[in-house]
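Only one structure is covered here, and it is reproduced in the block below.
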Protein chains: 2
Amino acid sequence: MSDTDKTIQEAIDQLRAKHIRITPQRTLVLTYLITKRNHPTVETIYSAINHEEPSLSLATVYNTLKLFVDQGMVLELSGNDESIHYDYYGSPHYHVICTNCGKIIDVTYPDFAKDLQKIDRIAAEQTGYKITGNHVEVQGICTDCQTKLANQKN
Amino acid sequence: MSDTDKTIQEAIDQLRAKHIRITPQRTLVLTYLITKRNHPTVETIYSAINHEEPSLSLATVYNTLKLFVDQGMVLELSGNDESIHYDYYGSPHYHVICTNCGKIIDVTYPDFAKDLQKIDRIAAEQTGYKITGNHVEVQGICTDCQTKLANQKN
DNA sequence: CTCAATGCAAACAGTTTGCAGTCCT
DNA sequence: AGGACTGCAAACTGTTTGCATTGAG
């Protein structure tokens, strides 16, 4: 069994353990998220899957993603404008997004999980909130757009 | 001159330095953000200001906020669903948002700015992006909602 | 003066909703 | 068997756009 297959299986088991029904549509969306790992939008997922397996409505993609997000399994990336991107959150990482073209890259480093815990702990102490999740996002200009923008100025 | 007045004046100077026109509408929105500091939505700002000073259209609120966000002066908080909240970003802090009622609280600690710099630096190293901003958000359940939800279960 | 900013209303796009039919468990 | 899930299309809502008017520099 490949590494991604194992990840998919684990995610499904995790859902089943919560008595959430495993439908073909949910499996398709989950598989897409885990195998592609390309921060897709709802529309991207919908058209990609529908292209080969036309048994999926747009509303179901919305429902399914909302479910995964509620389970803390998938992250909503609101980026800048445009529509929302989704990311399977298998292990702690954060996102760097290009404010010019929207390209998103995952970043992590050895102590990142520890730093997140610190942020969560302080937030809980200061606010009394019961912390359920977090998200770090960094904005910037990707290398491609740096070149493009530099050329435009000439 | 009060502390907030000084902040407002500084923000205006900052805009003027970039040759951005200081219109009454922009001053109103800026003043609202700095004095209230309550993470308002577009609609909140629009109706609050229009209530006393009906010289402001909804489109202008959108324009103005987009301008401030582009200047890095204001942060867009996409929270969960609902519409977007805005926050005057005078000094480094992060946000804890209640996933049940949407209430947002600012949090910071002495080394927070340093931790952000680390996150930015690593992101730049790993991706080559030219970093222009960042945002940390923590999700949780606020104390009020913790009580409410506990009561519902009985 | 000049050109950017505003206001208005219509257009838009992504998202949500209601309900009948389907199918996991 | 039964309730959760899906699909469809209509309805919604927040946001954007175009253009004539206004006003900041």
Side-chain angles (χ1 to χ4, degrees), chain A residues 9 11-32 39-71 73-74 76-86 102, chain B residues 9 11-32 39-71 73-74 76-86 102:
Chain A
Q9 198 51 53
I12 289 178
D13 290 345
Q14 196 179 326
L15 291 172
R16 212 187 297 272
K18 294 182 187 174
H19 304 291
I20 290 166
R21 297 197 178 166
I22 311 303
T23 66
Q25 292 83 349
R26 288 178 179 174
T27 307
L28 282 170
V29 173
L30 191 54
T31 303
Y32 182 88
H39 313 98
T41 62
V42 169
E43 197 55 44
T44 308
I45 298 172
Y46 173 65
S47 51
I49 296 181
N50 240 26
H51 191 257
E52 348 201 315
E53 196 76 43
S55 58
L56 184 69
S57 79
L58 193 52
T60 299
V61 179
Y62 278 102
N63 287 336
T64 304
L65 288 172
K66 173 168 285 181
L67 174 74
F68 292 164
V69 169
D70 286 349
Q71 298 307 318
M73 197 171 243
V74 164
E76 257 180 0
L77 309 178
S78 342
N80 301 341
D81 30 342
E82 314 166 28
S83 55
I84 301 170
H85 294 249
Y86 292 87
Chain B
Q9 198 50 54
I12 289 178
D13 289 345
Q14 197 179 325
L15 290 171
R16 212 187 298 272
K18 295 182 187 176
H19 304 292
I20 290 166
R21 294 194 181 169
I22 311 303
T23 65
Q25 291 85 346
R26 287 177 179 175
T27 307
L28 283 170
V29 173
L30 192 54
T31 303
Y32 182 88
H39 313 99
T41 62
V42 168
E43 196 55 45
T44 308
I45 298 172
Y46 173 64
S47 51
I49 295 180
N50 241 26
H51 191 256
E52 347 200 315
E53 194 76 46
S55 58
L56 183 68
S57 78
L58 192 52
T60 300
V61 179
Y62 278 101
N63 287 337
T64 304
L65 288 172
K66 173 167 285 182
L67 174 74
F68 292 163
V69 169
D70 286 347
Q71 299 306 317
M73 198 170 242
V74 164
E76 257 179 358
L77 309 178
S78 341
N80 302 340
D81 28 345
E82 313 165 28
S83 55
I84 301 170
H85 294 250
Y86 291 87

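In what follows, every chain begins at residue 1, and chains take the letters A, B, ... in the order their sequences are listed.
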### Whole angstrom value for the distance that separates P of dC24(C) from CZ of Arg26(A)
11 Å
### Query
Looking only at side-chain N and O atoms, does Tyr62(B) come under 4.0 Å of OP1 or OP2 in dT15(D)?
yes
### Task
For Thr23(B) and for Ala59(A), locate the closest nucleotide of DNA chain D by heavy-atom distance; then report the residue assigned to the nucleotide nearer the 5' terminus.
Ala59(A)
### Task
Could you walk me through whether Asn63(B) and Gln25(B) pass side chain to side chain contact (heavy atoms under 4.5 Å, CB included), step by step?
CA-CA 10 Å; Asn63(B) 287 337; Gln25(B) 291 85 346; over 6 Å; no
### Task
List the steps and the verdict of side chain to side chain contact (heavy atoms under 4.5 Å, CB included) for Leu15(A) and Phe68(A).
CA-CA 9 Å; Leu15(A) 291 172; Phe68(A) 292 164; 3.7 Å; yes
### Between dG14(D) (C1') and Ile84(A) (CD1): distance, integer Å
12 Å
### Query
Given that Leu67(B) and Gln25(A) both sit by DNA chain C, which one's nearest nucleotide is further toward the 5' end?
Leu67(B)
### Task
Take atom OH of Tyr46(B) and atom P of dT15(D), then tell me their distance rounded to the nearest Å.
14 Å
### Message
What is the distance, to the nearest angstrom, from the CG atom on Leu15(B) to the P atom on dG25(D)?
### Response
11 Å
### Summary
note: Leu56(B), atom CG; dG7(C), atom C1'; distance rounded to Å ~ 10 Å
### Task
Would you mind reading off the distance between Arg16(A) atom CZ and dT25(C) atom P, rounded to a whole angstrom?
6 Å
### Task
Using modelled atom types only, decide if a donor and an acceptor are shared between the side chain of His85(B) and the backbone of His39(B) within a distance under 3.5 Å.
yes
### Query
Thr64(B) side chain: which of dT6(C), dG14(C), dA24(D) is closest?
dT6(C)
### Task
To the nearest Å, give me how far apart CG (Asp70(A)) and C1' (dA4(D)) are.
16 Å
### Task
Between dT16(D), dC24(C), dG7(D), spot the one nearest the side chain of Thr60(A), thanks.
dG7(D)
#### Entry: Leu58(A) side chain, from C-beta outward: closest of dG14(D), dT16(C), dT15(C)
dT15(C)
### Task
Name the residue closer to the 5' end of DNA chain D, choosing between Val61(A) and Arg21(B) according to the nucleotide with the nearest heavy atom.
Val61(A)
### Query
Looking at Lys66(A), does any N or O in its side chain come under 4.0 Å of the phosphate oxygens OP1/OP2 on dT16(C)?
yes
#### Entry: Expected output: side-chain Arg26(A) to main-chain Arg21(A) donor-acceptor under 3.5 Å
yes
### Query
Which part of the nucleic acid, if any, lies within contact of Thr41(B), taking any heavy atom under 4.0 Å across all strands shown: a base, the sugar-phosphate backbone alone, or nothing?
nothing
### Query
Is there a side-chain contact between Leu56(A) and Thr64(A), using heavy atoms and a 4.5 Å cut-off?
no
### Task
Can you tell me the distance, in whole Å, between the CD atom of Glu43(A) and the P atom of dC12(C)?
17 Å
